[in-house]
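Structure first, commentary second.
All values derive from a computational prediction rather than experimental measurement.
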Amino acid sequence: MSDMSDFSYTKQAKLETLINAGKWRFVIVHGVLGWGISTAFFIYLIDHFVMNTQLINSFTQALMIYPPAGFIFGLVMWAMIKNEHNKMFADLSHHNPQQ
């Protein structure tokens, strides 16, 4: 098999795994927790150590902003993944028509 075929198969397998886990799991794990909480913590660190803001105010504000933004981020990423998955299978059906 060629390197491109290996890449396509690997990408297809990853997309299948993400899709099989479900939309809401993806949104919560990758959007809210993966992006939202980690970004809130990173912004808190910048605010606290660079700007010398108070711990409670800075972290509370970050938690009020970034996890909800992560929810939206997760929804957008889910739509992109579904689109990529649908496009990949449309391409495969054009290359391998059933007889």
Which atom names give the shortest non-hydrogen contact between [X] and [Y], and what distance separates them?
{"X": "V32", "Y": "P67", "value": "CG2-O, 3.9 Å"}
{"X": "H30", "Y": "L18", "value": "NE2-CD2, 3.8 Å"}
{"X": "I19", "Y": "W78", "value": "CA-CH2, 3.7 Å"}

Distance in Å, [X] [atom1] paired with [Y] [atom2], rounded so as to fall on 0.5 Å steps:
{"X": "N83", "Y": "L15", "atom1": "CG", "atom2": "CG", "answer": "10.5 Å"}
{"X": "K14", "Y": "E84", "atom1": "NZ", "atom2": "CD", "answer": "12.5 Å"}
{"X": "I37", "Y": "L63", "atom1": "CD1", "atom2": "CG", "answer": "5.5 Å"}

Linking I/L/V/M/F/W/Y whenever their side-chain heavy atoms sit closer than 4.5 Å, directly or via other members, would [X] and [Y] fall into one cluster?
{"X": "V27", "Y": "V29", "answer": "no"}
{"X": "F41", "Y": "I28", "answer": "yes"}
{"X": "Y44", "Y": "M64", "answer": "no"}
{"X": "F59", "Y": "F49", "answer": "yes"}

- Message: Among residues at least two apart in sequence or on other chains, which ones pass salt bridge (charged side-chain N to carboxylate O under 4.0 Å, His left out) with E16?
- Response: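 E16 satisfies salt bridge (charged side-chain N to carboxylate O under 4.0 Å, His left out) with no residue once adjacent residues are dropped.
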- Item | Heavy-atom check, side chain of Q61 versus side chain of D47, under 4.5 Å |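 No, side chains not in contact.
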- Task: With sequence neighbours excluded, tell me which residues meet ring-ring contact (aromatic ring centres under 6.0 Å, His included) with Y66.
- Result: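 Scan of Y66 (ring-ring contact (aromatic ring centres under 6.0 Å, His included), adjacent residues dropped) gives none.
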- Message: Using 30° and 60° as the class boundaries, would you call the ring planes of W35 and F73 parallel, tilted or perpendicular?
- Response: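 The rings of W35 and F73 lie parallel, inter-plane angle below 30°.
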